[in-house]
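Side chains included, hydrogens not; waters and symmetry mates left out as well; all remaining heavy atoms used.
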Amino acid sequence: MSAGVEERADDAELAALFRRDPESFTAVYDRYHRDVYLYVSGRLDVQAGEDVAAETFLVAFGLRDRFDPERGGLRPWLFGIATNLVARHRRREARHYKALARGRAETADGPESRVVASVAAQGMRPRVARALLGLNQGERDVLLLVALGQLTHEEVAQALGVSYGTVGSRLSRARRKLNKTLNREDLHG
């Protein structure tokens, strides 16, 4: 496949191609690695982001015969795999949020901290981290896929294997919980 064909091929065509020729899976990597890496490195740290992004494509390559373009595109499929791999790092992620909540500066230098900083000023980091700890896994996954992965509601639904309505309700609950937690801390310091 020439570079021009790779750029024009849609996900269904790429899937058909990499089923016939596994080496052509590199086109999937070339097209989506940056997005997956940015999402995962935002959820974890940069090193874990590199590792999990690479593992995402390794898993996807192993599962390439199971990809069904009728169920959605490659991007949400890859983000679903990445989200499942991030789940393996949950304890580390929880420790990270707890460290941010305590205001430890040395753990606040990762990409995730830039997202937190864009939401609020430096002094808000511990409060936002505590608020994120108050979300359940499904709410946090949806919120971070939208905020860090910049996926649409439809892509989040495909990535997590849930309905479009579930994405909307989880995102709404997550936002409500974050606002409530942050507002309560404003009142009670």
Undergrad: Are any of the side-chain heavy atoms of Val146 and Leu151 separated by less than 4.5 Å?
TA: no
Undergrad: For the pair Thr181 (side chain) and Leu178 (backbone), establish whether a donor and an acceptor sit closer than 3.5 Å, ignoring hydrogens and angles.
TA: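 No, the answer is negative, given that no donor and acceptor are paired below the 3.5 Å cut-off.
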Undergrad: Answer yes or no: is there a donor N or O on one side and an acceptor on the other, between the side chain of Glu13 and the main chain of Asp10, under 3.5 Å?
TA: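 Between the backbone of Asp10 and the side chain of Glu13 there is a qualifying donor-acceptor contact (under 3.5 Å).
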Undergrad: I'd like to know if the side chain of Thr166 and the backbone of Val162 have a donor-acceptor N/O pair within less than 3.5 Å.
TA: no
Undergrad: Would you indicate whether the side-chain heavy atoms of Asp68 and Arg71 approach each other to under 4.5 Å?
TA: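 They are in contact (side-chain heavy atoms under 4.5 Å apart), so the answer is yes.
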Undergrad: Could you point out which residue of Val46, Thr56, Val52 forms a side-chain contact (heavy atoms from CB on, under 4.5 Å) with Tyr37?
TA: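 One option only clears the test, and that one is Val46.
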Undergrad: Identify the two heavy atoms, one from Glu154 and one from Tyr164, that lie closest to each other, and give their separation to 0.1 Å.
TA: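 In this case the closest contact between Glu154 and Tyr164 is N-CE1, 3.7 Å.
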Undergrad: Which heavy atom of Glu155 sits nearest to which heavy atom of Pro76, and what is that distance?
TA: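 Minimum heavy-atom contact is O-CB, 3.4 Å.
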Undergrad: Decide yes or no for Pro22 and Arg64: does some side-chain heavy atom of the first lie under 4.5 Å from some side-chain heavy atom of the second?
TA: yes
Undergrad: Under 4.0 Å between a Lys/Arg side-chain N and an Asp/Glu carboxylate O for Arg43 and Asp141?
TA: yes
Undergrad: Among Arg173, Arg176, Arg170, which residue meets the salt bridge (charged side-chain N to carboxylate O under 4.0 Å, His left out) test with Glu139?
TA: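 Considering Arg173, Arg176, Arg170, a salt bridge (charged side-chain N to carboxylate O under 4.0 Å, His left out) with Glu139 is found only for Arg173.
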Undergrad: Side chains of Thr83 and Tyr39 only: does a donor on one sit below 3.5 Å from an acceptor on the other?
TA: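 A donor-acceptor contact under 3.5 Å links the two side chains.
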Undergrad: For Phe79, which of Leu145, Asn84, Val156 qualifies under side-chain contact (heavy atoms from CB on, under 4.5 Å)?
TA: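 Among Leu145, Asn84, Val156, the one that satisfies the side-chain contact (heavy atoms from CB on, under 4.5 Å) with Phe79 is Leu145.
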Undergrad: Return the minimal non-hydrogen interatomic distance between Gln158 and Gly73, and the atom names on each side.
TA: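 So the minimum-distance heavy-atom pair works out to OE1-N, 3.4 Å.
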Undergrad: If you define the side chain from C-beta out and look only at heavy atoms, does anything of Glu55 sit under 4.5 Å from Ile81?
TA: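 Not touching, per the 4.5 Å side-chain cut-off.
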Undergrad: Using every non-hydrogen atom in the two residues, find where Ala174 and Leu143 come nearest and quote the distance to one decimal.
TA: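 Between these two residues, the closest heavy atoms are CB-CB, 4.3 Å.
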Undergrad: With a 4.5 Å heavy-atom cut-off, do Phe61 and Phe18 have their side chains touching?
TA: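 When only atoms from C-beta onward are counted, Phe18 and Phe61 do not touch, as no gap falls below 4.5 Å.
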Undergrad: Nearest heavy-atom pair of Arg140 and Leu133: which atoms, and what distance?
TA: NH1-CA, 3.9 Å
Undergrad: Evaluate Leu160 against Val142 for side chain to side chain contact (heavy atoms under 4.5 Å, CB included), listing each step before the verdict.
TA: CA-CA 8 Å; Leu160 298 178; Val142 167; 3.7 Å; yes
Undergrad: Quick check: do Leu148 and Val40 have side-chain heavy atoms less than 4.5 Å from each other?
TA: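 The answer is no, as the side chains (C-beta and beyond) never meet within the 4.5 Å cut-off.
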Undergrad: Does any N or O in the side chain of Ser172 come within less than 3.5 Å of the main-chain N or O of Gly168, such that one atom is a donor and the other an acceptor?
TA: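 No, because the side chain of Ser172 does not come within donor-acceptor range (under 3.5 Å) of the backbone of Gly168.
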Undergrad: Do you reckon Leu63 sits in the same ILVMFWY cluster as Phe57, going by side-chain contacts under 4.5 Å, direct or chained?
TA: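 Yes: a chain of side-chain contacts under 4.5 Å links Leu63 to Phe57.
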Undergrad: Side-chain contact test, heavy atoms from C-beta onward, threshold under 4.5 Å: evaluate it for Phe25 versus Leu17 and give yes or no.
TA: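 Phe25 does not reach Leu17 side chain to side chain.
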Undergrad: Counting C-beta onward and ignoring hydrogens, is there a side-chain heavy-atom pair between Asp11 and Arg31 closer than 4.5 Å?
TA: yes
